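Only one structure is covered here, and it is reproduced in the block below.
Remember, it's a predicted structure, so these values are computed and weren't measured experimentally.
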Amino acid sequence: MKERTKPLAWMWGVDGEVYGLSIDTETKKLRWFANAGCLCDWDDSEVDQTPVQFLERGVPGRIAEPDIETLHEIRRAVVALVHPRDFVEN
């Protein structure tokens, strides 16, 4: 039985609200959360996105952007997911 890859996840606060992103590396789906209590229930996502959509459009409009450091970390993870051979971490 193949072991399921664990998702990558981030949570951040903006103006008293909690937002989050969970990336499932197996299905290559990004699931964005508003008013996140935890990132454990995939059915509660506000917006689903492909890695390519994120790289082209950025954070979906209904989700507050995380701080720049977190955003860069998310972008690096997504680039590595889309182009694993071409990814070079600085």
Side-chain angles (χ1 to χ4, degrees):
M1 179 183 216
K2 184 180 174 186
E3 186 177 321
R4 188 169 192 280
T5 306
K6 292 182 180 180
L8 301 169
W10 294 265
M11 292 180 82
W12 61 94
V14 175
D15 296 331
E17 298 293 331
V18 178
Y19 297 89
L21 168 65
S22 185
I23 301 175
D24 188 312
T25 56
E26 185 176 295
T27 64
K28 296 189 178 181
K29 286 234 181 202
L30 283 71
R31 299 212 170 164
W32 297 90
F33 299 82
N35 304 314
C38 71
L39 294 177
C40 51
D41 192 350
W42 285 85
D43 295 333
D44 288 342
S45 62
E46 283 285 319
V47 181
D48 291 351
Q49 205 178 34
T50 67
V52 172
Q53 289 171 328
F54 171 73
L55 293 174
E56 290 174 353
R57 302 178 196 151
V59 178
R62 291 183 284 189
I63 306 297
E65 283 200 12
D67 62 87
I68 195 74
E69 186 176 309
T70 301
L71 189 57
H72 286 313
E73 184 179 324
I74 291 168
R75 184 170 296 280
R76 282 192 300 271
V78 172
V79 167
L81 187 64
V82 175
H83 306 290
R85 291 186 201 152
D86 299 335
F87 181 69
V88 177
E89 189 160 358
N90 296 335

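- Interatomic distance, R57 CZ to T50 OG1, rounded to the nearest 0.5 Å: 7.5 Å.
- Each ring pair (Phe, Tyr, Trp, His ring centres under 6.0 Å) pair with one or both residues in residues 53-77, not counting sequence neighbours, appears once here: W32-F54.
- Rounded to the nearest 0.5 angstrom, L81 CG and L8 CG are separated by 8.0 Å.
- With sequence neighbours left out, the side chain to side chain contact (heavy atoms under 4.5 Å, CB included) criterion links R62 to E46, V47.
- The line from CH2 of W12 to CG of L71 is 8.5 Å long, rounded to the nearest 0.5 Å.
- Remark: the backbone N or O of V59 is not paired with any side-chain donor or acceptor of Q49 at under 3.5 angstrom.
- With a 4.5 Å cut-off on side-chain heavy atoms, W10 and I23 count as touching.
- Taking CG of L30 as the start and NZ of K28 as the end, the distance is 11.5 Å to the nearest 0.5 Å.
- L55 contributes atom CG, which lies 10.5 Å from atom CD of Q53 (distance to the nearest 0.5 angstrom).
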